[in-house]
Protein chains: 2
Amino acid sequence: MKDTGRLEAELKKKGYKLTEQRRLIIEVFSENPGHHTAQEIFDLAKRKLRSINFSTIYRNLELLSALDIINKLYIESGTSHYELCGGTHHHHIICKGCGETREMNICPYESLEEEKLNELGFKVTDHKFKIYGYCSKCRP
Amino acid sequence: MKDTGRLEAELKKKGYKLTEQRRLIIEVFSENPGHHTAQEIFDLAKRKLRSINFSTIYRNLELLSALDIINKLYIESGTSHYELCGGTHHHHIICKGCGETREMNICPYESLEEEKLNELGFKVTDHKFKIYGYCSKCRP
DNA sequence: CTCCTTTTTGCAAATCATTTGCATTTACAT
DNA sequence: ATGTAAATGCAAATGATTTGCAAAAAGGAG
Ligand SMILES: [Mn+2]
Ligand SMILES: [Mn+2]
Ligand SMILES: [Zn+2]
Ligand SMILES: [Zn+2]
């Protein structure tokens with residue numbers, strides 16, 4: 001039994017149901033830390049529940065993102081990547097050569113002055129910061 | 001005659017040719033400041049050169065991005081957006097409701113300490129910073 | 001300017017990720 | 001145990017982007 005706690009709570013709060021597949025998706029993320037594509041999650045999940053369907057994966061990755069249980073990244077390769085939330089807040093540095101994505105604990109948001117933000121007139125919900133470059137293997 | 005200068009130079013440098021369609025794409029960007037999808041660029045370009053093809057747009061948006069003449073944004077709506085480089089360095093704040101994307105002159109990269117960056121072992125080439133939220137019209 | 005080689009274009013078809021409609025199954029509150 | 005709303009599996013649809021290929025255009029050399 002995994003820490004179904006958070007998941008169950010968030011789902012119930014909005015009238016969603018706690019299904020085997022939802023539990024499984026979270027389980028797969030827990031057991032495989034890091035960033036994953038829908039395809040990867042599907043493959044991993046399928047090993048444990050042969051009947052699971054790709055649509056279900058997509059629908060739930062979307063839902064879980066909306067619930068802030070997972071985080072949808074756009075590693076700009078045409079394919080979205082997802083990671084479990086709840087780790088420490090972090091951002092990413094991405095190699096343009098091989099696509100390797102490393103986490104950074106640097107967060108530039110924290111040092112922004114509130115007045116500058118208010119000035120924008122937005123109700124801010126979140127932010128993303130990415131650095132691009134070449135890792136040691138990929139120096140061109 | 002537009003400022004074909006930069007374009008011509010960058011192309012020649014790598015053995016690419018200066019074609020009418022390439023010139024046109026830049027022209028369209030110049031005359032229509034801001035962010036555009038491939039579709040939008042195609043529509044605008046088509047008005048001036050009826051024969052222009054969608055593949056050509058895509059191929060060149062890709063090429064021009066590689067040459068750092070235009071900038072490919074990922075406004076996370078499944079469709080890439082592009083903007084002309086060369087304006088002032090800036091980042092974006094995006095409304096999750098309507099998709100409106102406003103520019104911010106805030107750049108968090110500048111205040112990062114070099115040592116932290118070196119520590120990452122990457123040869124950094126560029127970065128992106130995005131803030132998400134809801135604009136005044138879209139407060140949920 | 002003309003010729004030659006290389007790159008680019010237009011076109012059509014293909015690919016890839018993601019989404020949707022619908023009939024059936026499941027969760028869970030009563 | 002029952003009823004209803006929500007979720008799943010399946011197959012088909014979408015939408016953006018990419019690709020192969022033959023014909024056209026660009027740019028350098030002569
Ligand atoms: Mn991460
Ligand atoms: Mn911009
Ligand atoms: Zn942050
Ligand atoms: Zn910046």
Side-chain angles (χ1 to χ4, degrees), chain A residues 4 7-28 35-67 69-70 72-82 99, chain B residues 4-5 7-28 35-43 45-67 69-70 72-82 99:
Chain A
T4 293
L7 175 62
E8 192 167 358
E10 289 297 324
L11 289 173
K12 190 158 296 179
K13 190 184 299 180
K14 308 226 173 122
Y16 297 117
K17 294 176 177 172
L18 179 59
T19 63
E20 186 180 1
Q21 326 19 21
R22 286 176 180 161
R23 231 190 274 100
L24 181 52
I25 290 173
I26 300 300
E27 187 180 315
V28 162
H35 313 125
H36 302 284
T37 60
Q39 178 72 62
E40 287 164 0
I41 296 300
F42 174 63
D43 292 340
L44 289 164
K46 190 149 195 174
R47 291 191 201 158
K48 304 195 168 197
L49 181 62
R50 229 162 339 91
S51 68
I52 203 170
N53 185 272
F54 219 139
S55 312
T56 303
I57 300 293
Y58 270 110
R59 282 190 277 238
N60 283 318
L61 288 175
E62 216 47 49
L63 175 66
L64 296 172
S65 295
L67 296 179
I69 291 176
I70 64 180
K72 187 173 183 177
L73 309 171
Y74 295 76
I75 309 286
E76 11 238 281
S77 69
T79 317
S80 293
H81 289 235
Y82 304 81
Chain B
T4 292
L7 176 62
E8 192 167 357
E10 290 297 325
L11 288 173
K12 190 158 296 180
K13 191 184 299 179
K14 310 227 173 120
Y16 296 117
K17 294 175 176 173
L18 179 58
T19 63
E20 186 179 3
Q21 2 320 58
R22 285 177 180 159
R23 229 190 276 100
L24 180 53
I25 289 173
I26 300 302
E27 186 179 317
V28 161
H35 313 124
H36 302 284
T37 60
Q39 177 72 64
E40 287 163 1
I41 296 299
F42 173 63
D43 292 340
K46 190 147 195 174
R47 291 191 201 158
K48 303 196 171 196
L49 180 62
R50 230 164 336 92
S51 67
I52 202 170
N53 186 273
F54 218 140
S55 313
T56 302
I57 300 294
Y58 269 111
R59 282 190 276 237
N60 284 317
L61 289 175
E62 216 47 50
L63 175 66
L64 296 171
S65 295
L67 296 179
I69 292 176
I70 64 178
K72 187 173 183 178
L73 309 172
Y74 295 77
I75 309 285
E76 10 238 286
S77 68
T79 317
S80 294
H81 289 235
Y82 304 81

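Every heavy atom of this structure was used, including side-chain atoms; hydrogens, water molecules and symmetry mates were not. The sequence lines fix the lettering, A, B, ..., with proteins before strands; numbering per chain opens at 1. Since the model is a prediction, treat every value here as computed from it, not as a measurement.
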Check the distance between [N]'s [atom2] and [X]'s [atom1] and give it to me in whole angstrom.
X	N	atom1	atom2	answer
A:E8	C:dC28	CD	C1'	11 Å
B:I25	C:dT8	CD1	C1'	12 Å
B:L7	C:dT8	CG	P	12 Å
A:I57	C:dT20	CD1	C1'	17 Å
A:L18	C:dT25	CG	P	21 Å
B:R23	D:dG27	CZ	C1'	13 Å

(request) Could you list the residues that satisfy ring pair (Phe, Tyr, Trp, His ring centres under 6.0 Å) with A:H81, not counting sequence neighbours? (result) none
(request) Have a look at the helix from C:dC1-D:dG30 to C:dT30-D:dA1 and give the angle its two end axes make, five pairs each, rounded to 10 degrees. (result) 40°
(request) Compare all side-chain heavy atoms of B:L67 with those of B:K14 and state whether any distance is below 4.5 angstrom. (result) yes
(request) Would you check if A:L7 and A:L64 make a side-chain contact, meaning some heavy-atom pair closer than 4.5 Å? (result) yes
Could you give the side-chain donor-acceptor pairs of residues 49-61 of chain B under 3.5 Å, partners two or more places apart or in another chain?
{"unit_1": "B:N53", "atom_1": "OD1", "unit_2": "B:S55", "atom_2": "N", "d": "2.7"}
{"unit_1": "B:N53", "atom_1": "OD1", "unit_2": "B:S55", "atom_2": "OG", "d": "3.0"}
{"unit_1": "B:N60", "atom_1": "OD1", "unit_2": "B:R22", "atom_2": "NE", "d": "2.8"}
{"unit_1": "B:N60", "atom_1": "OD1", "unit_2": "B:R22", "atom_2": "NH2", "d": "3.4"}
{"unit_1": "B:N60", "atom_1": "ND2", "unit_2": "B:T56", "atom_2": "O", "d": "3.1"}

(message) Using a 4.0 Å cut-off on heavy atoms, which residues in residues 40-48 of chain A reach DNA chain D? List them by number, or say none.
(response) none
(request) Pull out every residue in residues 9-17 of chain B that has a heavy atom closer than 4.0 Å to any atom of DNA chain D, ordered by number, or say none. (result) B:K17
Just how far is it from atom [atom1] of [X] to atom [atom2] of [Y], taken to the nearest 0.5 Å?
X	Y	atom1	atom2	result
B:Q21	B:K48	CD	NZ	14.0 Å
B:Y74	B:S80	OH	OG	5.0 Å
B:T79	B:H36	OG1	NE2	14.5 Å
B:I70	B:E62	CD1	CD	8.0 Å
A:I25	A:L44	CD1	CG	11.5 Å

(message) Using every non-hydrogen atom in the two residues, find where A:K17 and A:L11 come nearest and quote the distance to one decimal.
(response) O-CD1, 3.7 Å
(request) Please report the closest heavy-atom contact between B:T37 and B:Y82, naming both atoms and the distance. (result) C-CD1, 4.5 Å
(request) Using heavy atoms to find the nearest nucleotide of DNA chain D for B:E62 and A:L63 separately, return the residue whose nucleotide is more 5′. (result) A:L63
(message) One character per nucleotide, please: for nucleotides 8-16 of chain D, 5' to 3', B when the base has a protein heavy atom closer than 4.0 Å, S when only the sugar-phosphate does, - otherwise.
(response) BBBB----S
(message) One thing to verify: whether B:E27 and B:R23 come together as a salt bridge, which I'm taking to mean a side-chain N less than 4.0 angstrom from a carboxylate O.
(response) no
